[in-house]
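Reading through the structure tokens given below for one structure.
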Amino acid sequence: MSARTKQLIEIEDSDIGILLFCLKALYGHDNEQLAWRLIERFGSVSGIFSAVHEELMTIEGMTDRVATFFTVMRPLQQQAQLRAVKGLTLTSERDVAEYAAVYFMTESIPTDAVVCLDKKYRVYHVERLGKDERIRELISLACRRDAQKIVLIRYEPQLLQKSVLPSKDTQKTLIKIANIMSTLGIEIMDYVEYCKSCFFSLRRAITGDMGVYHVYDAKEDKYARWENAPQDIEKHYAASVAHAIVKNIKKTDITGNSDL
């Protein structure tokens, strides 16, 4: 191993191995000189993936194909980074919405994930749920990981086309989960649905602020402790259904025909 390679490893730890591997695969041979120039210019592997195509092309030895590779692969690299972060805190709606935006950026089908937090709101584990037995799987996960708090996040491709409220099945599931978590002493921070930079927050909906919002419009206020999650969820859905019925009646003409 050359002296420069050792220096690179000291700078970037194991990440430099990924960079050298990528360059070797792209060029067909070792390219330590280019790796060194990239690190000197951008400071880290993360900096390389964050650079724009024009910046990469200013580096001696860089080709258009390799520069394109780094820019095209940027979302995947950012997603992998986020999933590997230790000690990341989720204390507000904004934090959760931004986390969902990165975590699900490459998804295309409905996907559920559970984020486990410690007492200081730090993320220490995230895991996806299977399609079946989700409640049992969630309980097992929360107990095995000794979760203090959890955030439930769902990637929902139809979020922008469907009604604001989650489906009736999801509503029933959330109420069951809230009751069980309450019994176990585990706090539910929020249930969030995400798609294409937009999100629905159950906590926000329960305050009467129903709707789908852009991530940049997420609230930055720290979550208050949710003392009565099961009751609040049940009351919210009862009120929402009543509101929908009234809205439907108002849209129905005297002949009984609805324009919905």
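Only this structure's heavy atoms are used, side chains among them; waters, hydrogens and symmetry mates stay out.
Note on residues 172-185: no pairs pass salt bridge (Lys or Arg N to Asp or Glu O under 4.0 Å), not counting sequence neighbours. Sorted by first and then second residue, the side chain to side chain donor-acceptor pair (under 3.5 Å) pairs with a member in residues 214-223 read D190-Y223; sequence neighbours excluded.
Using a 4.5 Å heavy-atom threshold, the side chains of L152 and L129 count as separate. Within the 4.5 Å cutoff, side-chain heavy atoms of I188 are placed close to those of I150. At a threshold of 4.5 Å between non-hydrogen side-chain atoms, the residues T173 and Y191 do not count as touching.
Taking a cutoff of 4.0 Å between a charged side-chain nitrogen and a carboxylate oxygen, R204 and E93 qualify as a salt bridge.
Checked against side-chain contact (heavy atoms from CB on, under 4.5 Å), T111 has the following partners two or more places apart in sequence or in another chain: F104, E107, I109, R128, Y155. For E55, the side-chain contact (heavy atoms from CB on, under 4.5 Å) partners at least two apart in sequence or on another chain are R41, F42, A51, V52. With sequence neighbours excluded, the residues satisfying salt bridge (charged side-chain N to carboxylate O under 4.0 Å, His left out) with R154 are D112, E156. By the side-chain hydrogen bond (donor to acceptor under 3.5 Å, both in side chains) test, T170 is found to be paired with S167, residues two or more places apart in sequence or in another chain being considered. Remark: D95 pairs with T91, S92 by the side-chain hydrogen bond (donor to acceptor under 3.5 Å, both in side chains) rule, at least two apart or across chains. In this structure, E234 has no side-chain hydrogen bond (donor to acceptor under 3.5 Å, both in side chains) partners at least two apart in sequence or on a different chain. Partners of D118 according to the salt bridge (charged side-chain N to carboxylate O under 4.0 Å, His left out) rule, which considers only residues two or more places apart in sequence or in another chain, are R122. Shown here are the side-chain contact (heavy atoms from CB on, under 4.5 Å) partners of A101, two or more places apart in sequence or in another chain: Y194, V215. Residues meeting the side-chain contact (heavy atoms from CB on, under 4.5 Å) test with L26, sequence neighbours left out: R65, V66, F69. The salt bridge (charged side-chain N to carboxylate O under 4.0 Å, His left out) check on E54 picks up nothing, with sequence neighbours excluded.
Nearest heavy-atom pair, P157 versus S108, reported as atom, atom and distance to 0.1 Å: CG-O, 3.7 Å. Taking each heavy atom of I186 and A142 in turn, the nearest pair found is CD1-CB, 3.7 Å. When all heavy atoms of R145 and Y124 are compared, the closest pair comes out as O-OH, 2.7 Å. The two residues L159 and C198 have their closest heavy-atom pair at CD2-O, 3.6 Å. Listed here is the closest heavy atom pair of Y27 and T63: OH-N, 3.4 Å. Taking both residues in full, the closest heavy atoms of L90 and L117 are given as O-CD1, 4.0 Å, listed atom of the first, atom of the second, then distance.
Here the straight-line distance linking atom CD of E187 with atom CD of Q148 works out to 10.0 Å at 0.5 Å rounding. Between atom OG1 of residue T183 and atom CG of residue N179 there is a gap of 6.5 Å, rounded to the nearest 0.5 Å. Summarising the geometry, atom SG belonging to C143 is positioned 9.0 Å from atom CG belonging to L138; distances are rounded to the nearest 0.5 Å. In this structure, CZ in R225 is found 5.5 Å from NZ in K149, a value given to the nearest 0.5 Å. Here the straight-line distance linking atom CZ of R37 with atom CD1 of I59 works out to 8.0 Å at 0.5 Å rounding. Note that the CG atom of N228 and the CD1 atom of I233 stand 11.0 Å from one another [nearest 0.5 Å].
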Between L38 and M62, does a side chain to side chain contact (heavy atoms under 4.5 Å, CB included) hold up when you go through it step by step? CA-CA 9 Å; L38 287 168; M62 179 62 65; 3.7 Å; yes

Run V126 and Y99 through side chain to side chain contact (heavy atoms under 4.5 Å, CB included) and show every step you take. CA-CA 11 Å; V126 58; Y99 186 95; 3.7 Å; yes

Kindly indicate, with the supporting measurements, whether the criterion side chain to side chain contact (heavy atoms under 4.5 Å, CB included) is fulfilled by L141 and H125. CA-CA 10 Å; L141 168 63; H125 184 72; 3.7 Å; yes

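E32 and W36 share no side-chain donor-acceptor pair at under 3.5 Å.
Formation of a donor-acceptor pair under 3.5 Å by the T68 side chain with backbone atoms of D64 is found in this model.
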